[in-house]
Amino acid sequence: QVQLVESGGGLVQPGGSLRLSCAASGCICSYTWLAWYRQTPGAERELVASIVGEYYRHYIDSVKGRFTISRDNSKNTLFLQMNDVIPEDAPHYYCTGRSSIPQSTQPWGPGTQVTVSS
């Protein structure tokens, strides 16, 4: 059972950059789909970016051109590069993935907090 742990969150100024990491406890080779979600207190969790394999990427409109999702299978890590951040980017971020292995469950990390402030 693979476990995920997010890191890289913290305080960043508007217009600044931040890179979030999602470290897996084991090989993520079987995880054909990996994604970043975020959640503002009182709101439902929303999909921010996803990646299938290493090349097909999806982003919600509000982050297109600013965020980049990527994965490093050798390090068993998923990344989210956040550039030109705005205050609306400040909620809690979570990573998750879906494995092609039958009977596997979809793991979620505990999340990491992003704060955008001057």
Side-chain angles (χ1 to χ4, degrees):
Q1 181 69 35
V2 172
Q3 294 181 322
L4 305 176
V5 179
E6 302 91 341
S7 64
L11 177 64
V12 61
Q13 296 183 358
S17 298
L18 201 65
R19 188 178 75 162
L20 305 184
S21 298
C22 173
S25 62
C27 182
I28 60 171
C29 298
S30 66
Y31 284 77
T32 57
W33 178 87
L34 292 165
W36 286 96
Y37 282 72
R38 65 185 182 186
Q39 185 172 28
T40 299
E44 66 181 60
R45 191 170 298 182
E46 68 170 346
L47 177 67
V48 178
S50 62
I51 182 170
V52 177
E54 296 187 38
Y55 308 108
Y56 178 75
R57 297 171 172 85
H58 167 79
Y59 304 93
I60 57 174
D61 290 341
S62 61
V63 307
K64 287 182 178 178
R66 300 189 298 113
F67 289 10
T68 302
I69 186 172
S70 62
R71 62 188 292 171
D72 187 338
N73 291 339
S74 67
K75 298 179 180 179
N76 296 320
T77 304
L78 175 72
F79 300 98
L80 182 67
Q81 179 65 46
M82 305 168 60
N83 295 329
D84 195 24
V85 299
I86 59 177
E88 289 74 16
D89 297 327
H92 216 68
Y93 284 75
Y94 303 85
C95 64
T96 189
R98 295 172 185 162
S99 176
S100 61
I101 300 176
Q103 300 181 356
S104 62
T105 58
Q106 180 178 337
W108 288 90
T112 186
Q113 182 68 44
V114 173
T115 302
V116 182
S117 177
S118 298

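Please read these numbers as outputs of a predicted model, since none were measured by experiment. All values below come from the heavy atoms of this structure, side chains included, with hydrogens, waters and symmetry mates left out.
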| CD1 of I28 to OG1 of T77: how many Å apart, nearest 0.5 Å? | 6.5 Å
| field | Any side-chain heavy-atom pair of I86 and V116 under 4.5 Å | value | no
| remark: Hits for salt bridge (Lys or Arg N to Asp or Glu O under 4.0 Å) against R19, two or more places apart or cross-chain, chain-then-number order -> none
| Yes or no on side chain to side chain contact (heavy atoms under 4.5 Å, CB included) for Q106 and W33, after CA distance, side-chain angles and deciding distance? | CA-CA 10 Å; Q106 180 178 337; W33 178 87; 4.0 Å; yes
| field | Contact check, side chains of L20 and V114, non-hydrogen atoms, under 4.5 Å | value | yes
| query | How far apart are the closest heavy atoms of V2 and A24, and which atoms are they? | reply | CG1-CB, 3.7 Å
| message | To the nearest 0.5 Å, what is the distance between OG1 on T115 and NE2 on H92? | response | 10.0 Å
| note | So salt bridge (Lys or Arg N to Asp or Glu O under 4.0 Å) across residues 95-118, not counting sequence neighbours, yields none
| message | Side chains of R71 and C22, heavy atoms from C-beta outward: is any pair under 4.5 Å? | response | no
| Looking at side-chain heavy atoms only, is the closest gap between V12 and S17 below 4.5 Å? | no
| said: Show the nearest heavy-atom pair for residues N76 and G26, with the distance to one decimal. | reply: CG-O, 3.2 Å
| Looking only at heavy atoms, which two atoms of D61 and K64 are closest? And how far apart? | OD1-NZ, 3.1 Å
| said: Does any part of the side chain of V48, heavy atoms only, come nearer than 4.5 Å to the side chain of V63, both counted from C-beta? | reply: yes
| Working for side chain to side chain contact (heavy atoms under 4.5 Å, CB included), residues L4 and L78 | CA-CA 10 Å; L4 305 176; L78 175 72; over 6 Å; no
| remark: Sorted by chain and residue number, the side-chain hydrogen bond (donor to acceptor under 3.5 Å, both in side chains) partners of Q3 (sequence neighbours excluded) come out as none
| query | Quick one: does Y59's side chain have a donor or acceptor within less than 3.5 Å of a partner on R66's backbone? | reply | no
| query | What are the two closest non-hydrogen atoms of A49 and L47, and how far apart are they? | reply | O-CD1, 3.7 Å
| task | Considering only Ile, Leu, Val, Met, Phe, Trp and Tyr, and joining two whenever side-chain heavy atoms are under 4.5 Å apart, list the other residues clustered with L11. | result | none
| Gap separating the CD1 atom of I69 from the OH atom of Y56, nearest 0.5 angstrom | 12.0 Å
| note | Looking only at heavy atoms, the pair that brings E54 and R57 closest together is O-NH2, 2.9 Å
| query | Does E6 reach the main-chain N or O of C95 with its side chain, forming a donor-acceptor pair under 3.5 Å? | reply | yes
| note | Scanning both residues in full, the closest heavy-atom pair of G109 with Y94 reads O-CD2, 3.5 Å
Could you go through residues 34-46 and list every donor-acceptor pair under 3.5 Å that involves a side-chain atom there, pairing it with any protein atom two or more places apart or in another chain?
from	atom 1	to	atom 2	distance (Å)
W36	NE1	F79	O	3.2
R38	NE	E46	OE2	2.9
R38	NH1	D89	OD1	3.1
R38	NH1	Y93	OH	3.0
Q39	OE1	R45	NE	3.4
Q39	OE1	R45	NH2	3.4
Q39	NE2	A43	O	3.0

| Non-hydrogen side-chain atoms of S7 and T112 separated by less than 4.5 Å | no
| task | May I ask you to decide if A90's main-chain N or O and Q113's side chain share a donor-acceptor pair within less than 3.5 Å? | result | yes
| Those residues that, when tested against S118, pass side-chain contact (heavy atoms from CB on, under 4.5 Å) (two or more places apart) | P14
| task | Indicate yes or no: at least one non-hydrogen side-chain atom of N83 is less than 4.5 angstrom from one of T68. | result | no
| V5 reachable from Y31 in the ILVMFWY side-chain graph, under 4.5 Å edges | no
